[in-house]
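Some notes on the structure that comes next.
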Amino acid sequence: RYCRVNVPDELLRDLLPGPVTLVLERSEELNKDLNPFTSLVGVRIPNHPFIRELARACSGPLALTSANISCQASTLTVSEFEDLWPQLSLIIDGGPIGDVQSPEGRLGSTVVDLSVSGKFTIIRPGCALTPTVEILRQKYGLIPEST
């Protein structure tokens, strides 16, 4: 409803929920204050029971950002972003997200632009790059868009 999906539903089911953010063309229904200078929007459905239940309880999309300063490593525990707490309205501690000892856990989601029919662009490699590219290329025949 908040974006124009131009890929098969099966592709969505292959990548979501999980550590992948899909960038698609935004629809007119999306609040114009969210990413106002682009026609695109990132959509992610995490594979985490709490956040999925929270999303179901809300009547609209959740606009979220990672709990870290841009370009810094992703945080995996609430204590790792304690310096941001004074700027936040709500903090929910659901325990560590993934393996705090693993460098791969801090890569964030793989961000892939699917807004151009038949093509894809990796915006951020993230933690699911290899399986995401395999699905897009081998199963759906999408080709990387040259940048």
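Shortest non-hydrogen contact noted between Ile91 and Phe81 is CG2-CZ, 4.2 Å. Minimum heavy-atom separation, Arg26 to Asn31: NH2-O, 2.8 Å. Taking every heavy atom of both residues into account, Arg52 and Pro17 meet most closely at NH1-CG, 3.5 Å. Taking both residues in full, the closest heavy atoms of Arg124 and Gly108 are given as NH2-C, 3.8 Å, listed atom of the first, atom of the second, then distance.
Taking Val43 as the reference, Cys3, Val41 meet the side chain to side chain contact (heavy atoms under 4.5 Å, CB included) condition, with sequence neighbours excluded. Listed by chain and number, the residues in a side chain to side chain donor-acceptor pair (under 3.5 Å) with Glu10 are Lys139 (sequence neighbours excluded). Ile135 pairs by the side chain to side chain contact (heavy atoms under 4.5 Å, CB included) definition with Asp14, Leu15, Tyr140, not counting sequence neighbours. A search for side chain to side chain donor-acceptor pair (under 3.5 Å) contacts involving Thr21 returns Ser109, not counting sequence neighbours. The salt bridge (Lys or Arg N to Asp or Glu O under 4.0 Å) check on Arg13 picks up nothing, with sequence neighbours excluded. Residues satisfying the side chain to side chain contact (heavy atoms under 4.5 Å, CB included) criterion with Cys127, sequence neighbours excluded, are Pro19, Leu107. Not counting sequence neighbours, the partners of Arg56 by the side chain to side chain donor-acceptor pair (under 3.5 Å) test are Glu53. Not counting sequence neighbours, the partners of Glu28 by the salt bridge (Lys or Arg N to Asp or Glu O under 4.0 Å) test are Lys32. Applying the side chain to side chain donor-acceptor pair (under 3.5 Å) test to Tyr2 and every residue at least two apart in sequence or in another chain returns nothing. Applying the side chain to side chain contact (heavy atoms under 4.5 Å, CB included) criterion to Gln101, with sequence neighbours excluded, gives Asp99.
Under the 4.5 Å side-chain heavy-atom criterion for Ile, Leu, Val, Met, Phe, Trp and Tyr, Val116 and Val7 are members of distinct hydrophobic clusters. Criterion: ILVMFWY side-chain heavy atoms under 4.5 Å apart, direct or through other members. Under it, Leu12 and Leu114 are part of a common hydrophobic cluster. One hydrophobic cluster holds both Leu129 and Leu11 under the rule that ILVMFWY side chains link at heavy-atom gaps under 4.5 Å. Connection of Leu90 to Ile51 is established within a shared hydrophobic cluster, with ILVMFWY side chains joined at heavy-atom distances below 4.5 Å, either directly or through further cluster members.
With a 4.5 Å cut-off between side-chain heavy atoms of Ile, Leu, Val, Met, Phe, Trp and Tyr, the cluster of Leu40 takes in Val23, Val111, Ile123.
Listed by first then second residue, pairs satisfying salt bridge (Lys or Arg N to Asp or Glu O under 4.0 Å) with a partner in residues 109-120 number zero, not counting sequence neighbours.
Looking only at atom types and distance, the side chain of Glu25 has no donor-acceptor partner in the side chain of Ser115 under 3.5 Å away.
Distance check: Glu82 CD to Leu88 CG gives 11.5 Å after rounding to the nearest 0.5 Å.
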Exercise. Might you work through the side-chain contact (heavy atoms from CB on, under 4.5 Å) test for Ile92 and Phe50, ending with a clear yes or no?
Key: CA-CA 10 Å; Ile92 300 171; Phe50 171 78; 3.6 Å; yes
